[in-house]
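Throughout, protein chains are lettered first and strands after them, A, B, ... in sequence-line order, and every chain is numbered starting at 1. These numbers were taken from a predicted model, which means no experiment stands behind them.
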Protein chains: 2
Amino acid sequence: MAGKPSLEDLKAGIEGAISTGRAVFLVCACRVDYEGRARSSLGPGERMVIIKEDGTVIVHQKSGRNPVNWMPPRTKTELSMADGELCLTCRKHREGEWMKVRISQASSLQTFYLEDFERLELYGTEKDFVKELIDDPSLIEKGFRMNKNERLMVAGRIDISGVDADGTPVAVEVKRSRATPHDVVQLKRYVDVLRKRSDGPVRGILVAPSSSSKARRLLVEYGLELKRVHPLKLERKRSQSDLSRFVEG
Amino acid sequence: MAGKPSLEDLKAGIEGAISTGRAVFLVCACRVDYEGRARSSLGPGERMVIIKEDGTVIVHQKSGRNPVNWMPPRTKTELSMADGELCLTCRKHREGEWMKVRISQASSLQTFYLEDFERLELYGTEKDFVKELIDDPSLIEKGFRMNKNERLMVAGRIDISGVDADGTPVAVEVKRSRATPHDVVQLKRYVDVLRKRSDGPVRGILVAPSSSSKARRLLVEYGLELKRVHPLKLERKRSQSDLSRFVEG
DNA sequence: ACATGCATTTCGCAT
DNA sequence: ATGCGAAGTGCATGT
C-alpha cells in the first residue's frame, strides 16, 4: 500500500501491521498532542510517522535530528476515527503518559518486517578510555598506582582511585571529551568522600583531552588538578585529519 | 518509486531527491560504519534510512526510540557504487566526522516534500516552573521575597535568589523532576557563593516534586532544605483559577 | 523497580 | 563561534 490511502484504508493497514508485529512508516498531514512528563502541542503540517514492533512511535518533522514528538518502547497504540480524522492514541498506562496523532490526510503508508540480528559495536566511550588508562596508569601520572579493590568497592561512583608516587590517595575522574564545570563538581564530590576517610591530603585529578575556562577556574578553586590526555585511538584519528587538513590548506 | 528498486535506480532516486530538497525514506539491507567523536560498526541487517532536506541522516533498527546511527543537520551525503553495493558517504568536513551506509539491497524507496510551518509548543519546562514560582513566591515559602536585581545579575547560575521572612538570604534551585545528589551539590555551590558575600546565615532551598534518598541525605549533610512542589499540577491549578476568575468576573 | 551516570548525547540560549 | 545547562532526555548498569 503506497499510493494515497483513504483514512479507512490507513486505519486497517496500521492495525494489521501492529497486530502482526510489522513496522509502519507513513507520511501524513497531522496534529500532535502530548501529555505526561510535560505537555505539548504541534499544529497541522506534514510529517513522517514511524511505529516500531516494540511499540515505539516517532514523529519527525522535515528538519532536525530528533523527533518532534515520540513515545518510548512498550507504548500501546490504538486507532479511532473522530471528526473526519484518524487518531492514533499512544499510551503508557502506568506512567499516565499519552500522545495523540490526529491525521487528516496520508500520502503514503508502508508496513514491513525488518530482519536484523546485529547490534552496534562502538569504540571510544568513556569506559574504553578508562580501560586504556588502567592498562597504562603512567598516562595519568608517573608513579601512579591504581587501587583495584577500592575501585571495585566504589564502582560506578568513581572512575579510578589509587595513590601517587608519594603514597597520597588520588581520585581520578575521566572524561572522553572537553571537561565542564559539571565534571569538576563531580570530581570534588568524590574527593570530599575520600577526605572524610583519611586525615592526610587527598588529590583529585580530572583526566580529559581539554577543559573549558570555567572548569579550570573551578579546579583551582577546589584545589584539584587537570591532566590532559586524548583517548588513544581517537588521537590517532585526529592526527590523520589534522594532517590532511594541513595538506589541503 | 516504491517497489524493489535496483541499486542503480536507488542511486538515481536518492541523488534526485537530495538535489531537489526532498526527503528520502528507504528500507534496505545495509552495513553502517561511523568515525568521528567515536568509532562504530554495525553488521548487515535490514534498517530504515531517512535523509532530510537539512542533511540529517538517520538509521533506525527495528527496535528502540533512538537511531542506531546518524549524522546531524548540514551533513553532505554522496553516493557511489562499490563492490556491488550502493554506498552513502555522509560527511561533516570540518569536524572530520563521517558515516558510511553500504546498501546491498533495498526493498523500497520513497522521496517526498514535507510542507510544515509549525513548531512545537511545549509547557512544563524548568523555565516554566521558575516562572510560576516567581509569579507566586509563597509557593517557595510564606514570606519569601525575590531579589530581582540579584536574579538578573547571576542569571544562568542560580534559579532564584531572595530573602525569607526574617530577611535571611536564600538561594533557590528549581528542578522540574526528581532531585538528584548532583542537584544538591549544585545548590550548595550557589549557597557557598552567597556565604562569601555575607557574613550572616544563608539558606538554600531545593524546589522539586520529589527527591532521591541520597539527595535527601546530602541536603541534611549540607544544611540545605527541600520544598516539594509539582510543576505540572501547579499549572493545571492555575488554569482552573484563571477560568473561574473569568467565569466569575 | 529505583538510582546513578554516560551519551557520536542533542538542543537552545547566552556571551 | 563557544560555553553552559536542560531534556517529555534515552539507555545500560548496578542494587
Side-chain angles (χ1 to χ4, degrees), chain A residues 32-40 56 58 64-73 92 94-99 119-120 122-130 152 154-159 173-183 185-186 189-190 210-218 231 234 237, chain B residues 32-40 56 58 63-73 75 90 92 94-99 119-120 122-130 155-159 173-183 186 210-215 231-232:
Chain A
V32 187
D33 293 282
Y34 162 82
E35 191 165 322
R37 288 170 289 179
R39 198 181 307 189
S40 75
T56 301
I58 301 171
R65 186 264 188 193
N66 281 341
V68 63
N69 279 111
W70 71 93
M71 289 292 280
K92 295 214 76 178
R94 273 216 295 285
E95 291 85 348
E97 204 174 11
W98 56 260
M99 175 177 74
R119 286 173 57 95
L120 187 73
L122 181 63
Y123 179 81
T125 62
E126 179 174 306
K127 209 170 174 179
D128 296 325
F129 194 9
V130 168
L152 288 175
V154 292
R157 286 167 47 191
I158 193 165
D159 291 323
E173 171 73 15
V174 179
K175 285 296 145 187
R176 64 180 298 284
S177 54
R178 177 169 273 236
T180 68
H182 180 103
D183 303 326
V185 170
Q186 196 163 325
R189 273 185 61 205
Y190 300 151
S210 63
S211 58
S212 72
S213 58
K214 201 177 171 190
R216 285 192 293 275
R217 216 178 310 145
L218 265 185
L234 291 179
K237 183 234 58 162
Chain B
V32 187
D33 293 283
Y34 162 81
E35 191 165 323
R37 288 168 290 179
R39 194 182 304 190
S40 75
T56 300
I58 301 170
S63 300
R65 187 264 190 191
N66 280 343
V68 63
N69 280 110
W70 72 93
M71 289 289 282
T75 295
C90 314
K92 297 214 74 180
R94 272 216 294 285
E95 291 85 348
E97 203 174 13
W98 57 259
M99 175 177 74
R119 286 172 56 95
L120 187 74
L122 181 65
Y123 315 89
T125 64
E126 179 174 307
K127 209 170 174 181
D128 296 327
F129 194 10
V130 168
R157 283 170 50 192
I158 192 165
D159 291 322
E173 172 74 14
V174 179
K175 288 294 148 188
R176 64 179 296 285
S177 54
R178 176 169 274 235
T180 68
H182 179 259
D183 301 328
Q186 197 163 329
S210 63
S211 57
S212 72
S213 58
K214 202 175 170 192
L232 277 182

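A side-chain N or O of A:Ser210 and one of A:Arg178 form a donor-acceptor pair less than 3.5 Å apart.
No side-chain heavy atom of B:His182 sits less than 4.5 Å from a side-chain heavy atom of A:Gln186. Two residues are said to be in side-chain contact when any heavy atoms from C-beta on lie closer than 4.5 Å; B:Thr75 and B:Met99 fail this criterion. No side-chain heavy atom of A:Lys175 sits less than 4.5 Å from a side-chain heavy atom of A:Ser211. Side-chain atoms of B:Asp33 and B:Trp98, non-hydrogen and from C-beta on, do get closer than 4.5 Å to each other.
Here A:Gln186 reaches the OP1 or OP2 of C:dC6: one of its side-chain N or O atoms lies under 4.0 Å away. One finds a side-chain N or O of B:Lys175 lying less than 4.0 angstrom from the OP1 or OP2 phosphate oxygen of D:dA6.
Taken to the nearest 0.5 Å, the CG atom of A:Asp128 stands 5.0 Å off from the OH atom of A:Tyr123. Atom CD1 of A:Ile58 sits about 8.0 Å away from atom CG of B:Asn66, to the nearest 0.5 Å. With rounding to the nearest 0.5 Å, the separation of CE in A:Met71 from CD in A:Glu97 is 5.0 Å.
In terms of the salt bridge (Lys or Arg N to Asp or Glu O under 4.0 Å) criterion, B:Arg119 has no residue partners (sequence neighbours excluded). When the side chain to side chain donor-acceptor pair (under 3.5 Å) test is applied to A:Arg217, no partner is found at least two apart in sequence or on another chain. Residues satisfying the side chain to side chain donor-acceptor pair (under 3.5 Å) criterion with B:Ser177, sequence neighbours excluded, are absent altogether.
One interatomic measurement links the two molecules: NZ of B:Lys214 to P of C:dA3, which rounds to 12 Å at whole-angstrom precision. One atom, OH of A:Tyr123, and another, P of C:dT8, lie 14 Å apart when rounded to the nearest Å. If you measure from atom CG of A:Asp128 to atom P of C:dT8, you get 10 Å, rounded to the nearest angstrom. Rounding to whole angstrom units, CD of residue A:Glu173 and C1' of C:dC6 are separated by 11 Å. Computed from coordinates, the B:Phe129 CZ to D:dA7 P distance equals 11 Å when rounded to whole Å. Between the CG atom of A:Leu218 and the C1' atom of D:dG5 there is a distance of 14 Å, given to the nearest Å. A:Arg178 has its CZ atom 14 Å from the P atom of C:dT9, to the nearest Å.
Distance noted for atom C1' between D:dA7 and D:dC11: 14 Å (whole Å). Rounded to the nearest Å, the gap between the C1' atom of D:dA6 and that of D:dG10 is 14 Å. Across C:dT8 and D:dG14, the matching C1' atoms stand 24 Å from one another, rounded to whole Å.
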Measure all distances between protein nitrogen or oxygen atoms and nitrogen or oxygen atoms of nucleotides 8-12 of chain D, and list the pairs falling under 3.5 Å.
unit_1 : atom_1 : unit_2   : atom_2 : d
D:dG8  : O6     : A:Asn69  : ND2    : 2.9
D:dG8  : O6     : A:Trp70  : N      : 2.8
D:dG8  : O6     : A:Trp70  : O      : 3.2
D:dG8  : N1     : A:Trp70  : O      : 2.3
D:dG8  : N2     : A:Trp70  : O      : 3.2
D:dG8  : N2     : A:Glu97  : OE2    : 3.3
D:dG8  : N3     : A:Tyr34  : OH     : 3.1
D:dG8  : N3     : A:Arg37  : NH2    : 3.2
D:dT9  : OP2    : B:Arg176 : NH1    : 2.3
D:dG10 : OP1    : A:Arg37  : NH2    : 3.0
D:dG10 : OP1    : A:Trp70  : NE1    : 3.1
D:dG10 : OP2    : A:Arg37  : NH1    : 2.8
D:dG10 : O3'    : B:Asn66  : ND2    : 3.3
D:dC11 : OP1    : B:Arg65  : N      : 3.2
D:dC11 : OP1    : B:Asn66  : N      : 3.2

Polar atom pairs between nucleotides 13-15 of chain C and protein, under 3.5 Å, N or O only, would you list them?
none

Report summary line: Each base of DNA chain C marked ( ) or [ ] if paired in-strand (Watson-Crick or G-U under 3.5 Å), | if paired to another strand and . if unpaired gives |||||||.|||||||
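A:Ser212 comes within 4.0 angstrom of the backbone, heavy atoms only, and of no base.
Here the side chain of A:Arg176 pairs a donor or acceptor atom with the backbone of B:Arg37 at under 3.5 angstrom.
In terms of position on DNA chain D, the residue among A:Ala179 and B:Glu126 whose nearest nucleotide sits closer to the 5' end is A:Ala179.
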